[in-house]
Colleague: 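Could you have a look at this structure, given as C-alpha cells, before my questions?
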Amino acid sequence: MPEPVGLRTAYAGSLNESNIGEVVKVCGWVNRIREHGEHLVFVDIRDYTGVVQCVIPRTENLHPEWVVQITGTVARRPEGTENDQLASGQIELHDPTVRILAQAEPIPFSLDDRVELDEATRLRYRYVDLRRSRMQRNLRLRSLVNAAIRRSMEEQGFVEIETPLLWTPTPEGAREFLVPSRTQPQNFYVLPQSPQIAKQLLMVAGFDRYYQIARCLRDEDLRADRQFEFTQLDLEASFVTQDDIHEFISHAIHTVVAAVSPGTTINIGKLTWREAMSRYGSDKPDRRFGAELNDVTGIFSNTSVKALSAKSVQAMVSPIALSRARLDELVERAKTLGAKGLLWLRVETTDGGLVLNSPVSKFLTDTEQHQLIDAVRANVGDTILMVADDWERAVAVLGQIRLGLGKQLASDDILDFFWVVDFPLFEGLDEFGTPISAHHPFTMPNEEDFALLDSDPLSVRSQSYDLVLNGWELGSGSIRIHESSIQSKVFQVLGIDEETARSRFGFLLDAFKYGAPPHGGFAFGIDRLSALLAGEENIRELIAFPKTQSGSDLMTGAPKQVAIEALAQLGLRPTAHAKD
RNA sequence: GGACCCGUGGUGCAGCUCGGAGUGCACGCCGGCCUGUCAAGCCGGAGGUCGCGGGUUCAAAUCCCGUCGGGUCCGCCA
C-alpha cells in the first residue's frame with residue numbers, strides 16, 4: 001500500500017500492534033456503528049485496505065457511509081476484546097477527533113458480500129457497488145494483471161504502440177460500431193473490432209515486436225463473457241514461428257499468474273483442433289472433468305436402428321446421475337442444438353453380466369451392446385449418451401451436452417491453460433459453396449496443405465491457434481500471409497476478387513509491396529483472463545462500468561437520443577424507425 | 001430473430017399450485033434503552049401503484065394475454 005499523504009497518516013487496514021502509542025489520522029467511510037449507550041460507541045472506519053475500530057466515548061453524530069477523518073491514538077484493545085478476524089483486531093483508536101468530510105444518505109443496498117444483489121440495482125448505483133470488497137478485489141486484481149502483462153512484454157522487448165480508435169470500415173467479421181464524420185458528412189469511421197490490420201502495418205514498419213493493451217469494440221449480442229467493448233493484450237512479431245509466439249504469450253501468462261496467485265504452478269499444454277473436437281466436442285474444451293467423447297461409428301455400421309444410421313455416432317458416459325426427467329430435457333436440448341435427437345442407455349446388471357436399458361436397447365444386438373459398453377468403458381449405473389449425425393454436428397452437440405453435465409464438477413482451483421492448434425483454414429461453405437475464413441483472410445495456411453487449397457480447401461489446416469483456459473477461449477492468433485502470391489490464392493478460394501480485395505484492404509496490400517517481413521501474432525482477452533483468475537463467471541464483475549445484455553448503461557442511461565440538430569450536423573436525420 | 005428464468009416497502013426473500021383485506025421473515029432506516037461490541041443486543045415506529053397495461057372474476061400479488069426491465073443460453077461474435 002502506498003505511503004499515506006494528505007489528510008491521512010495511516011491506512012485503516014495497515015494499523016497493528018506495532019503502531020501502539022502513535023497518534024494517527026485515518027480517512028475513509030464509516031463502515032459500521034455499534035452503540036452501547038452514551039459512553040461507549042464503536043465506529044469502524046473503512047478504506048480500501050480494511051477497517052479500524054475507533055472508540056468514541058460520547059455520541060458523535062455519525063451515520064454509515066459518511067466520509068470522515070479520524071485523528072486518534074493507537075491503543076491495545078482490552079484483554080478479551082481482540083478480534084482475530086481483523087488485521088487491525090488487536091488495536092483500536094482512542095480519544096478520537098472526528099472531522100466529517102462528507103455526509104451521506106443511506107446507501108441503496110448493503111455492502112455485505114454475503115448478500116446476493118439484483119444486478120440491475122448494482123449497475124444503477126455502480127459507484128456504490130464498487131465499494132464492496134468483491135469489486136475492489138476484482139478491479140485491483142485486474143490492475144495487477146495489466147501491470148504483469150506490461151512487465152512481461154517490456155522484458156521481452158516489445159514496444160507499446162497505440163493504434164487509432166477511429167478506423168476504416170472492414171466489411172468482414174464482427175459488426176462494427178459506426179462513427180459518423182462531421183467534417184465529411186455521409187462518411188463514417190468505425191471503432192475497431194481489433195487492431196489487426198494496424199499491427200500488421202507496424203510489422204511492415206519494422207517495429208518487430210509490438211504490443212498494446214487495446215480496447216476492441218464489436219456490435220454483437222452480449223453474453224456473460226462478452227461486452228461491446230473489451231480489452232485485449234494484442235501483440236505481433238516479425239521473423240518468428242508459431243512456437244515463438246506461444247513462448248511470448250506463455251511468458252506473459254506465467255508472469256500474470258505469478259503476480260496474482262503466487263505459488264500456483266501452471267502448465268500450458270497443447271491439443272490439435274481435431275483432437276479437441278473429437279475428444280471433447282469443442283474447440284475450447286473444459287478439461288477439468290472427464291466424460292470424453294468416443295467415436296462408436298464402427299460398432300453401428302450394420303445397425304437396424306435408423307437413428308444410428310449416420311456418418312458418425314458419438315457416445316459418452318454421463319459424468320453425473322440422470323433422472324428420467326433430466327434425460328427428457330437433454331433430448332430436447334440436443335434437438336435445439338441441431339441434432340435429430342439424443343439416445344440414452346442405462347447400464348444395468350443381470351446374471352449374464354451388463355445389459356443396456358433404453359427405449360432402443362431391444363433393437364440393438366448383444367454384440368453392439370457389449371462393444372458399446374467396452375468402447376465407453378461404462379460400469380453398472382452409468383448412463384451412456386449418444387448422438388448420431390455428421391461428424392461435426394455429432395461431436396459438437398454431444399460436446400455441449402457434456403459441458404452442461406460436467407460443469408458443476410469442474411474445480412475453480414484448477415487453471416487449465418492449453419493451446420489449440422491446427423485449426424482448419426476455412427470453417428465451412430457459405431450458401432454459394434464458397435469457403436468461409438475461420439480466422440481472418442490473412443491467416444497463413446499450413447505449408448504442408450498448400451496443394452489442397454484447390455482440391456479440398458475444407459481440409460486445409462491453418463497456422464492459427466487459440467489459447468483456452470477452463471473452457472473459455474482466452475484468445476487467438478496466427479501466422480499471417482506476407483507473400484502476395486499466397487494472399488491472392490487465398491482470396492481466390494474465398495471468392496474475393498482482386499477489385500474487392502483492393503477496395504477493402506488496398507492499403508494493407510499496398511504496404512505489403514514495400515517489403516513485408518514474415519510475421520504473426522496473438523491477442524487474448526484481459527477481461528476473461530482476469531475473471532477466471534478472480535473466480536468470477538461473468539466479465540462484468542471485472543469491468544467498472546459494464547453494459548447490460550441489451551446494451552444499456554443503467555447508471556448513465558446510455559444509449560440516449562440526441563438533439564436533431566446534433567444529427568443534422570453529422571448529415572444524419574431520424575427515420576420512422578427511431579423510437580420516441 | 002428465438003428459448004428459458006426472474007421482477008413483492010431501501011435490500012434479500014417467503015406468499016403465487018389451490019384467487020378471499022398487502023399478510024410474514026431477515027437486513028437496513030428513524031426513535032428509545034444499553035460501558036466492550038465487531039453482521040452488537042433489547043424495545044418501539046415509519047416505509048408498498050406486488051414492474052407496467054389489459055382480460056377473466058363478486059374478488060387478482062396469485063389465473064390468462066400483452067408489454068417493459070434484468071439474467072442465462074441458441075443464432076451472432078472473421
Side-chain angles (χ1 to χ4, degrees), chain A residues 31-46 51-59 63-65 77-86 88-89 92 105-125 128-129 170-176 193-194 196-197 216-228 230 329 332-338 396-397 400 403-404 407 423 425-428 430 435-443 462 464 473 476 478 490 494 496 504-505 525 537-538 540 547-552 554 579:
Chain A
N31 196 51
R32 222 165 234 127
I33 300 169
R34 294 176 294 280
E35 222 178 333
H36 290 251
E38 212 182 324
H39 301 289
L40 183 64
V41 178
F42 299 106
V43 178
D44 292 338
I45 306 303
R46 180 189 77 243
V51 296
V52 66
Q53 171 169 288
C54 304
V55 184
I56 298 189
R58 63 187 187 287
T59 308
H63 295 273
E65 301 307 312
R77 292 194 185 188
E79 198 172 336
T81 67
E82 302 89 350
N83 184 346
D84 294 332
Q85 309 294 109
L86 287 180
S88 65
E92 58 195 11
E105 291 181 14
I107 52 173
F109 48 80
S110 168
L111 300 185
D112 195 324
D113 277 336
R114 286 168 294 201
V115 181
E116 278 293 323
L117 294 165
D118 176 48
E119 197 171 348
T121 311
R122 295 174 55 198
L123 292 178
R124 186 159 47 155
Y125 302 99
V128 173
D129 185 45
T170 46
E172 304 237 339
R175 188 181 301 115
E176 294 163 324
Q193 43 181 303
S194 85
Q196 178 60 39
I197 294 177
C216 305
L217 298 109
R218 297 180 186 174
D219 190 2
E220 299 287 353
D221 287 355
L222 284 58
R223 288 289 153 72
D225 61 351
R226 279 161 32 189
Q227 283 272 304
F228 284 151
F230 60 98
E329 287 171 20
E332 285 312 304
R333 168 103 174 122
K335 285 179 183 166
T336 65
L337 291 169
V397 170
Q400 286 279 337
L403 188 61
K407 200 142 205 178
F423 271 77
L425 187 63
F426 307 108
E427 65 179 8
D430 66 15
I436 304 162
S437 276
H439 190 53
H440 56 62
F442 319 114
T443 303
S462 69
S464 67
E473 181 195 323
S476 61
S478 63
V490 170
L494 287 169
I496 300 174
R504 292 183 187 176
F505 317 113
E537 292 177 348
N538 189 315
R540 294 188 299 275
K547 309 249 182 317
T548 67
Q549 193 158 37
S550 63
S552 299
L554 296 180
K579 285 191 212 160

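To find a chain, count down the sequence lines: A is the first, B the second, and so on, and within it residues start at 1.
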Colleague: Whom does B:C16 pair with, Watson-Crick or G-U wobble, provided both distances fall under 3.5 Å?
Modeller: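 The base-pairing partner of B:C16, which may sit in any strand shown, does not exist here.
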Colleague: Between B:C77, B:U72, B:G70, which nucleotide gets closest to the side-chain atoms of A:A174?
Modeller: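 Nearest nucleotide to the side chain: B:C77.
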Colleague: Would you call A:F109 stacked on B:U11, i.e. ring centres under 5.5 Å apart with the planes less than 30° off parallel?
Modeller: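 Stacking is absent between B:U11 and A:F109, given that the ring centres and planes do not meet under 5.5 Å and under 30°.
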Colleague: Hey, does the side-chain of A:R226 have a donor or acceptor N/O within less than 3.5 Å of a partner on the base of B:C76?
Modeller: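 It does, because a donor-acceptor pair links the side chain of A:R226 to the base of B:C76 below 3.5 Å.
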Colleague: Write out a two-atom table: protein N or O, nucleotide N or O from nucleotides 12-15 of chain B, distance below 3.5 Å.
Modeller:
{"from": "B:G12", "atom 1": "OP1", "to": "A:D118", "atom 2": "N", "distance (Å)": "2.9"}

Colleague: If you assign A:Q549 and A:V55 each to the RNA chain B nucleotide with the nearest heavy atom, which residue ends up on the more 5' nucleotide?
Modeller: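 First, find each residue's nearest nucleotide; the 5'-ward one identifies A:V55.
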Colleague: With the side chain of A:T548 defined as its heavy atoms from C-beta on, choose the nearest nucleotide among B:C38, B:C76, B:G70.
Modeller: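 Given the options B:C38, B:C76, B:G70, the side chain of A:T548 is closest to B:G70.
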Colleague: Base, sugar-phosphate, or nothing: which does A:E79 touch, judged by heavy atoms less than 4.0 Å apart?
Modeller: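 Counting heavy atoms under 4.0 Å across all strands, no contact is made by A:E79.
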Colleague: Taking only the P atom of each, what is the distance from B:A40 to B:G2 in whole angstrom?
Modeller: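 After rounding to an integer number of Å, I get 48 Å for this pair.
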Colleague: Are the ring of A:H36 and the base ring of B:A40 both nearer than 5.5 Å at their centres and tilted by less than 30°?
Modeller: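 It does: the two rings, one from A:H36 and one from B:A40, meet the stacking criterion.
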Colleague: From B:C29, B:G75, B:G36, pick the nucleotide closest to the side chain of A:R223?
Modeller: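 Per side-chain heavy atoms of A:R223, the pick is B:G75.
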Colleague: Of the options B:G70, B:U37, B:G1, whose atoms approach the side-chain atoms of A:F42 most closely?
Modeller: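 The answer is B:U37.
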Colleague: Any carboxylate oxygen within less than 4.0 angstrom of a Lys/Arg side-chain nitrogen, looking at A:E65 and A:R46?
Modeller: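 Salt bridge flag = yes for A:R46 with A:E65.
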Colleague: One thing to verify: whether A:R34 and A:D44 come together as a salt bridge, which I'm taking to mean a side-chain N less than 4.0 angstrom from a carboxylate O.
Modeller: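 Looking at A:R34 together with A:D44, the answer is yes, because their closest N to O distance falls below 4.0 Å.
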Colleague: Of the nucleotides B:U11, B:U35, B:A39, which one has an atom closest to the side chain of A:R32?
Modeller: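 Minimum distance to the A:R32 side chain belongs to B:A39.
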Colleague: Answer whether the closest heavy-atom distance between the side chains of A:F228 and A:D219 falls below 4.5 Å.
Modeller: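 Touching, per the 4.5 Å side-chain cut-off.
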Colleague: Looking only at side-chain atoms of A:T81, point me to the closest of B:C29, B:C76, B:U37.
Modeller: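 Of the options given, the side chain of A:T81 lies nearest B:U37.
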Colleague: Measuring from the side chain of A:L554 (C-beta onward, heavy atoms only), which nucleotide among B:C38, B:G69, B:U35 has the closest atom?
Modeller: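 The answer is B:G69, which lies nearest to the side chain.
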Colleague: If you count heavy atoms of other groups shown closer than 6.0 angstrom to CD of A:E537, is the number above 12?
Modeller: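 Counting other residues, nucleotides and ligands, CD of A:E537 stays at 12 neighbours or fewer.
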Colleague: Verify the neighbour count for atom CZ of A:R226: are there more than 12 heavy atoms of other residues, nucleotides or ligands below 6.0 Å?
Modeller: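 Atom CZ in A:R226 is crowded, with more than 12 foreign heavy atoms closer than 6.0 Å.
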Colleague: For A:D225, is there an ion pair with A:R223 - N to carboxylate O distance below 4.0 angstrom?
Modeller: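 So A:R223 does not pair with A:D225 through a salt bridge.
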